[in-house]
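One structure is given here, and the rest of the page talks about it.
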Amino acid sequence: MKKMMIHLVTTALFIGFSATVYAAVMAKCTVKEVKENTVILDCGEKSSKIKVDDQITLRVNKKSASIEGC
């Protein structure tokens, strides 16, 4: 029973820590300006967590075209 409790507590702490780290990294940014090879982003309050030389992944919102019927 004692081992089971230790495993449950360890698993809960691991899941909690993983969720906190994942949420801390996520930031929604808006593109403000594009000049040649430079993109200027506005990330609001979370911009302080992004450092120079951090690699980021951009997810572009695609606008779907409407399909007209016959």
Side-chain angles (χ1 to χ4, degrees):
M1 186 69 176
K2 190 174 182 180
K3 284 186 178 184
M4 183 69 151
M5 260 329 246
I6 291 172
H7 288 293
L8 287 174
V9 170
T10 305
T11 303
L13 288 174
F14 180 74
I15 291 172
F17 178 73
S18 299
T20 303
V21 170
Y22 181 73
V25 173
M26 294 295 294
K28 288 192 175 193
C29 301
T30 306
V31 176
K32 291 297 181 183
E33 191 175 347
V34 178
K35 292 181 182 177
E36 296 177 19
N37 293 340
T38 305
V39 178
I40 298 175
L41 301 173
D42 178 21
C43 297
E45 297 175 3
K46 294 201 175 189
S47 62
S48 62
K49 295 181 181 181
I50 301 171
K51 299 176 189 108
V52 176
D53 293 332
D54 279 353
Q55 291 186 3
I56 60 170
T57 302
L58 298 177
R59 189 178 336 164
V60 179
N61 294 335
K62 296 180 182 178
K63 295 181 181 178
S64 60
S66 61
I67 301 172
E68 296 182 18
C70 296

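In terms of the salt bridge (charged side-chain N to carboxylate O under 4.0 Å, His left out) criterion, Lys2 has no residue partners (sequence neighbours excluded).
To the nearest 0.5 Å, atom CE of residue Met1 and atom CD1 of residue Ile6 are 12.0 Å apart.
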Sequence neighbours left out, cut at 3.5 Å: what donor-acceptor pairs do the side chains of residues 35-43 make with other protein atoms?
residue: Lys35; atom: NZ; partner: Glu33; partner atom: OE2; Å: 3.2
residue: Asp42; atom: OD1; partner: Gly44; partner atom: N; Å: 3.4

